Every structure is written in C-alpha cells, then in structure tokens.
Amino acid sequence: MMNFKRIALLTGILLTCASAASAQHRPRVVTPFTARVVDSLGNKHYIEPLRDQRRNSLFLFYGTAPLISQNGFANRFLSRPYDSPGVRITYTYGDITSSFGSLGIGYSVELIPWLELAIPFIYSSSQGTLYSQDMTRTFDTFTDTWFSLVPNLKINWMATKYFSLYSRAGAGFSLVSRKVDHGNWVQSNMAPAWQLSPIGIEAGSKVVAFFAEAGYGFYGTVSFGLKVKLPNLKSSNKYRATSWSEEGREWIYW
C-alpha cells in the first residue's frame with residue numbers, strides 16, 4: 001500500500017511538472033473568455049502567438065434526422081391540391097416515412113481568434129406517402145428534395161492545438177421540391193433554413209480534423225464530418241501587429 005501511495009504521489013508530481021513545462025512553451029489559446037490587456041493608449045488587445053494569418057478550411061459532413069424529415073416543417077411549404085386524372089382535387093398531407101439525412105460541403109474562415117464563419121451547401125431528401133388532408137385517403141408516394149445554403153458562426157469556447165469545443169448557429173434559405181412518384185405534378189417552393197448546435201467537438205492534426213456535433217436544424221440532430229485545413233490567409237487590418245514582442249508574442253488588434 002505504501003509503495004502504491006509513493007508511486008501515485010510521484011506520478012502526480014511528474015504530471016504537474018510536465019504540464020507546467022508544456023504551458024510555458026504552448027501558445028496561448030484565445031477564446032471568448034480570454035482577458036485582454038490595455039496598452040499605453042488605452043486600447044484593449046489579445047496576446048497570442050506571433051501570427052498575421054487567418055485559418056481557413058474545407059469541410060464535408062453527414063447529418064441524421066434533419067429538420068426536413070419532420071412532417072410539421074415539410075408540409076408547411078409542400079401542401080397543395082392534388083390534381084390527377086380520375087381524382088377529385090383535394091388538399092394533400094405528406095407523411096414522411098424515411099429520410100436520407102443531410103450531406104453538406106462547405107468552406108470556413110477565421111474572423112477573429114475564437115470565431116469562424118462557415119458557409120455550407122447542404123443536400124437533403126426524404127420519402128413518404130401522400131394522403132388527403134383528413135388522412136382518410138391515400139393518393140401516391142412522393143420524394144422531397146432540398147438544396148440549402150446555411151451560413152453560420154462557430155464559437156470556439158475552448159481550443160488547443162489538436163482539440164476544440166464549440167457551438168454553432170446560423171440561418172439561410174432552402175429550395176425544395178416535392179415530386180409525386182406516379183402522379184403528374186411537382187411542387188417547388190422556398191423555405192427558411194437554419195442550424196443551432198449547442199455543443200460540438202473537433203479533434204485532429206494541423207492538416208486534417210474530425211468533428212461531431214449535436215443540434216437542431218438542417219445539419220441534422222447529430223452530424224459528423226471531416227475538415228481539411230488549407231494554407232493560411234493573410235489577415236485583414238483587424239489583426240494589425242505592432243513591434244512589441246515578448247517570447248515570440250505580440251499585440252493582436254481586432
């Protein structure tokens with residue numbers, strides 16, 4: 001028992017020392033909670049590693065159970081009279097029975113050290129059965145197809161070199177069509193599109209990262225994907241750097 005306590009104590013001391021040594025050489029991470037310092041002119045700035053570039057990347061993701069798979073949302077934009085030979089014109093109700101999910105591809109760019117702008121293009125589809133509005137008569141089967149653009153902001157609450165914890169929120173629009181499989185009509189419309197993801201996790205290297213998030217909207221209830229990081233962009237004037245430097249750091253304006 002005594003040996004175990006000594007080993008545990010020694011391990012704790014070594015981990016503490018290693019963590020302290022790593023912290024001295026690890027770049028400071030900037031998050032929404034990072035305190036800023038005041039220079040001689042009274043301006044507030046972040047201090048972070050010497051950098052005059054912004055990160056940007058391409059990403060691909062798949063999401064399960066997006067908003068378009070819910071009857072209440074889809075039928076708000078795709079409920080109309082059914083007009084087919086031999087069928088009395090009546091209003092229809094679509095009962096969605098299956099969904100492909102959401103497949104998205106997009107581009108993201110860093111705006112400030114803890115905030116990114118993402119611009120995804122999303123494809124989604126679902127299938128179902130067409131009923132009379134009172135659900136007493138079956139008319140046909142249908143396929144809904146959605147093409148959506150949902151710009152959003154990603155907030156990195158905690159970030160390290162290989163891991164980040166984030167939230168995402170944004171809104172855009174969608175072009176949708178409902179095609180009856182054996183009937184003679186296709187209905188098209190435009191609908192609002194959005195995504196709210198309270199929690200997301202990203203992990204990877206300097207080149208490739210994997211991410212997963214939970215939320216509500218056009219990404220899906222649960223979505224996961226791959227991010228490929230591109231060469232950094234030259235920063236705008238929001239990242240003006242002065243000549244002040246200490247241990248490889250400098251003032252960062254935004």
Side-chain angles (χ1 to χ4, degrees), residues 55-80 82 92-110 116-130 140-155 166-204 207-230:
R55 292 181 289 265
N56 67 125
S57 60
L58 296 175
F59 60 90
L60 176 71
F61 70 88
Y62 173 78
T64 63
L67 184 61
I68 62 98
S69 63
Q70 299 180 11
N71 288 336
F73 182 81
N75 285 315
R76 187 178 305 172
F77 304 98
L78 295 169
S79 182
R80 58 155 287 173
Y82 183 86
T92 59
Y93 176 86
D95 181 30
I96 296 174
T97 56
S98 64
S99 173
F100 166 78
S102 293
L103 183 64
I105 186 171
Y107 172 78
S108 67
V109 60
E110 180 185 68
E116 295 179 29
L117 170 66
I119 306 176
F121 176 76
I122 304 172
Y123 165 81
S124 309
S125 69
S126 56
Q127 297 76 38
T129 303
L130 206 60
D140 212 328
T141 55
F142 66 87
T143 300
D144 291 346
T145 304
W146 301 72
F147 294 100
S148 310
L149 188 66
V150 191
N152 59 83
L153 294 175
K154 174 187 171 187
I155 301 175
Y166 66 87
S167 298
R168 183 191 307 279
F173 68 92
S174 183
L175 300 177
V176 55
S177 65
R178 172 168 288 178
K179 180 180 184 301
V180 174
D181 295 334
H182 304 96
N184 64 351
W185 60 264
V186 175
Q187 181 185 7
S188 299
N189 206 347
M190 181 179 291
W194 65 85
Q195 179 65 29
L196 177 62
S197 298
I199 184 68
I201 298 174
E202 181 180 312
V207 179
V208 177
F210 297 91
F211 62 90
E213 60 189 71
Y216 180 75
F218 277 61
Y219 272 50
T221 304
V222 176
S223 59
F224 49 91
L226 175 71
K227 172 189 283 188
V228 178
K229 301 175 184 179
L230 303 175

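Everything quoted here is computed from the prediction, not taken from an experiment.
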Quiz prompt | Side chain Ser99, main chain Gly101, donor-acceptor under 3.5 Å | solution = yes
Practice problem: Search all heavy atoms of Ala74 against all heavy atoms of Ile96 and return the closest pair with its distance. | Solution: CB-CD1, 3.8 Å
Quiz item: Tyr123 and ring-ring contact (aromatic ring centres under 6.0 Å, His included): which partner among Phe218, Trp146, Phe100?
Solution: Phe100
Quiz prompt | Heavy-atom closest pair, residues Phe142 and Gly94 | solution = CE2-CA, 3.6 Å
Quiz prompt | side-chain contact (heavy atoms from CB on, under 4.5 Å) between Asp144 and Ile68, intermediate numbers included | solution = CA-CA 9 Å; Asp144 291 346; Ile68 62 98; over 6 Å; no
Self-check item: Residue pairs involving residues 208-222 (criterion salt bridge (charged side-chain N to carboxylate O under 4.0 Å, His left out); sequence neighbours excluded)
Solution: Arg168-Glu213
Quiz item: What closest approach, in Å, do Gln195 and Val150 show between heavy atoms, and which atom pair accounts for it?
Solution: N-CG1, 4.1 Å
Exercise. Using the test side chain to side chain donor-acceptor pair (under 3.5 Å), find all partners of Ser174 that sit at least two apart in sequence or belong to another chain.
Key: Ser148
Quiz item: Going from CG on Leu149 to CG on Leu175, what distance comes out if it is rounded to the nearest 0.5 angstrom?
Solution: 9.5 Å
Exercise. Would you check if the side chain of Ser57 reaches a backbone N or O of Lys229 as a donor-acceptor pair within less than 3.5 Å?
Key: no
Self-check item: Lys179 NZ to Gln127 CD distance, which is reported to the nearest 0.5 Å
Solution: 12.0 Å
Quiz item: Just how far is it from atom CG of Asp181 to atom CG of Asp140, taken to the nearest 0.5 Å?
Solution: 6.0 Å
Quiz item: Who passes ring-ring contact (aromatic ring centres under 6.0 Å, His included) against Tyr216, sequence neighbours left out?
Solution: none
Quiz item: Mind checking what makes side chain to side chain donor-acceptor pair (under 3.5 Å) contact with Asn56, not counting sequence neighbours?
Solution: Tyr107
Quiz item: How many angstroms lie between atom CG of Leu103 and atom CZ of Phe61, to the nearest 0.5 angstrom?
Solution: 7.5 Å
Exercise. Would you check if the side chain of Asp95 reaches a backbone N or O of Thr129 as a donor-acceptor pair within less than 3.5 Å?
Key: no
Going by atom type alone, with no hydrogens or angles, which donor-acceptor pairs under 3.5 Å involve a side-chain atom of residues 219-228 and a protein atom two or more places apart or on another chain?
unit_1 : atom_1 : unit_2 : atom_2 : d
Tyr219 : OH     : Asn152 : ND2    : 3.0
Thr221 : OG1    : Ala65  : O      : 3.0
Lys227 : NZ     : Glu202 : OE1    : 3.1

Quiz prompt | Atom pair CG (Leu117) and OG (Ser108), whose distance is rounded to the nearest 0.5 Å | solution = 8.5 Å
Self-check item: Rounded distance [0.5 Å steps], CG in Leu153 versus CD1 in Ile155
Solution: 7.0 Å
Quiz item: In chain order, what residues pass the ring-ring contact (aromatic ring centres under 6.0 Å, His included) check against Phe77, with sequence neighbours excluded?
Solution: Phe73
